[in-house]
Chemist: 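Following this message is one structure expressed as structure tokens.
Scope of the values below: all heavy atoms of this structure, side chains included, with no hydrogens, waters or symmetry mates. Below, read A as the first sequence line, B as the second, and so on, with proteins coming before strands; counting in each chain starts at 1.
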Number of protein chains: 2
Amino acid sequence: MNLVTIAQASAATGVSAKMIRHYESIGLIRAPVRTENRYRHYNEADLHDLGFIRRARDLGFSFEDIRQLLDLWRDKGRSSAEVKAIALRHIKELDDKAAQLAAMSRTLKRLAESCHGDARPDCPILEALDKPAPAGGCCNP
Amino acid sequence: MNLVTIAQASAATGVSAKMIRHYESIGLIRAPVRTENRYRHYNEADLHDLGFIRRARDLGFSFEDIRQLLDLWRDKGRSSAEVKAIALRHIKELDDKAAQLAAMSRTLKRLAESCHGDARPDCPILEALDKPAPAGGCCNP
DNA sequence: GTTGACCTTGCCATGATGGGATACCTATCT
DNA sequence: AGATAGGTATCCCATCATGGCAAGGTCAAC
């Protein structure tokens, strides 16, 4: 059966032992078998799930999404449409978030460009944070 | 002096009353004067600071950054270089984060494109999450 | 004098992760 | 056998920004 300890499972999957226990506590993975001394021992299927979770997390999926994806993976009669729907929704979230960050960056870059960045105290960045009404004719007419 | 209650300060600045109290508790803003009944009352300078904070938060600055920006704003002998340095560092953080999200989105889009998205169970998205080694010749040679 | 709207403090929750404390188990070295 | 080292268990706390809820005080209007 090739049972491994939590540290070995961690090394094999790249998920910290701390997180492995956490996933168990929130029901994302099944509780593994315990030896007499109450140590957790993981089998191949457990390791697969942990790897699956890590790769999904690397793609930015939330635990709730991962829970569904894992369920779909286990369900051999799933429809790929369900998986794709989750992915497309997540892609939209990622893109929205990225666009938000890009907008902040753009605004800030514009301000930073017009800032001398020397010993003088006057600074358009502070002025922008200062102004009572950020809306106006300058940006979104 | 035009003193206003916390709800009015909230309405005027767009910062929730909850957050205003929180900012006070972490020392981001000064404790306002209290009336006899212990109600907080904010003056013009307080409102300015709250507006400043909200605009800085809208640009994604952390509280620690905002603390420094507020200090710089109050210091009339500041050098704009200091402000610009904070802004440039933050711009880099924003861009890094956006790039990270974009990379996730790109990977996921590639997978989603090759997924039928119909009633059939086979799905490249699940396969990608499945595979033991995500590194390989397909992406980063 | 009651109702409703506002204010106060304090605790808990999020999401994903890390840190630390304390205690137990096991293996190795002296 | 005793000491030392290291892995494991559980539990609590912290992050960061924000919201919710509860219990109680205060004020104005009806």
Chemist: Please state whether the phosphate of C/dC7, meaning OP1 or OP2, lies under 4.0 angstrom from any side-chain nitrogen or oxygen of B/Thr5.
Modeler: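 B/Thr5 to C/dC7 OP1/OP2: side-chain N or O found under 4.0 Å.
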Chemist: Using atom types as modelled and distance alone, determine if a side-chain donor or acceptor of A/Thr107 lies under 3.5 Å from a backbone N or O of A/Ala103.
Modeler: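 Yes, because the side chain of A/Thr107 sits within donor-acceptor range (under 3.5 Å) of the backbone of A/Ala103.
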Chemist: Nearest to the side chain of B/Met19 - C/dC6, D/dT18, D/dT8?
Modeler: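 Nearest to the side-chain atoms of B/Met19, counting from C-beta on, is D/dT18.
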Chemist: Picking from C/dT8, D/dT10, D/dT8, which would you name as closest to the side chain of B/Tyr39?
Modeler: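 The answer is C/dT8.
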Chemist: Could you tell me the separation between the CE atom of B/Met104 and the P atom of C/dA16, rounded to a whole number of Å?
Modeler: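 Going from CE in B/Met104 over to P in C/dA16 covers 12 Å.
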Chemist: May I have the distance from B/Ile20 (atom CD1) to C/dT9 (atom C1'), rounded to whole angstrom?
Modeler: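 Between C1' of C/dT9 and CD1 of B/Ile20: 16 Å.
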Chemist: Just N and O in the side chain of A/Arg40: are any of them under 4.0 Å from OP1 or OP2 of D/dG7?
Modeler: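 Negative; the distance criterion is not met.
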Chemist: Is there a path from A/Ile6 to A/Tyr39 through hydrophobic residues (I, L, V, M, F, W, Y) whose side chains come within less than 4.5 Å of each other?
Modeler: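 No, no single cluster joins them.
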Chemist: Go nucleotide by nucleotide along DNA chain C from the 5' end; which of A/Tyr23 and B/Asn37 gets its closest nucleotide reached first?
Modeler: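 Counting from the 5' end, the first nearest nucleotide belongs to B/Asn37.
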Chemist: On the nucleotide C/dC7, are OP1 or OP2 found under 4.0 Å from the side-chain N or O atoms that B/Tyr42 carries?
Modeler: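 Negative; the distance criterion is not met.
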Chemist: Would you tell me if any nitrogen or oxygen in the side chain of A/Arg54 comes within less than 4.0 Å of OP1 or OP2 on C/dT17?
Modeler: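 Indeed not, no polar side-chain atom of A/Arg54 lies that close.
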Chemist: Between B/Ser62 and B/Lys18, name the one whose nearest nucleotide on DNA chain D is closer to the 5' end.
Modeler: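 Closest to the 5' end, via its nearest nucleotide, is B/Ser62.
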Chemist: Round to a whole Å and report the spacing from CD1 of A/Ile53 to P of C/dA16.
Modeler: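 One finds 12 Å between P of C/dA16 and CD1 of A/Ile53, rounded.
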Chemist: B/Arg57 side chain N/O closer than 4.0 Å to the phosphate oxygens (OP1, OP2) of D/dA17?
Modeler: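 Yes.
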Chemist: Between A/Arg38 (CZ) and C/dA23 (P), how many Å, whole number?
Modeler: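 So the CZ-P distance, A/Arg38 to C/dA23, works out to 18 Å.
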Chemist: In whole angstrom, give the distance that lies between atom CG of A/Leu28 and atom C1' of C/dA16.
Modeler: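 Taking CG of A/Leu28 and C1' of C/dA16, I get 12 Å after rounding.
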Chemist: Could you tell me the separation between the CZ atom of B/Phe61 and the C1' atom of D/dC16, rounded to a whole number of Å?
Modeler: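 Distance check: B/Phe61 CZ to D/dC16 C1' gives 17 Å.
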Chemist: So does B/Val15 get a backbone contact from the side chain of B/Lys18, meaning a donor-acceptor N/O pair under 3.5 Å?
Modeler: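 Not confirmed, B/Lys18 side chain does not pair with B/Val15 backbone.
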Chemist: Looking across every strand, which nucleic acid part, if any, lies under 4.0 Å from A/Arg21 by heavy atom: base, sugar-phosphate, or nothing?
Modeler: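 The residue A/Arg21 makes base contact.
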Chemist: Write down the distance between NE2 (A/His22) and P (C/dG18), rounded to a whole number of angstrom.
Modeler: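 For the pair A/His22 NE2 and C/dG18 P, the rounded distance is 11 Å.
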Chemist: Report the distance from atom CD1 of B/Ile6 to atom P of C/dC6, rounded to the nearest whole Å.
Modeler: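 In whole Å, C/dC6 P lies 13 Å from B/Ile6 CD1.
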Chemist: Quick check on DNA chain D: between B/Glu36 and B/Phe63, whose nearest nucleotide comes earlier from the 5' end?
Modeler: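 Final value for this comparison: B/Phe63.
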Chemist: Side chains of A/Arg74 and A/Leu70: closer than 4.5 Å at any heavy-atom pair?
Modeler: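 In short, these two side chains touch, coming nearer than 4.5 Å.
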Chemist: State whether the side chain of A/Asp49 and the backbone N or O of A/Asp46 hold a donor-acceptor pair below 3.5 Å, judged by distance alone.
Modeler: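 Side chain of A/Asp49 to backbone of A/Asp46, a donor-acceptor pair under 3.5 Å: no, none is there.
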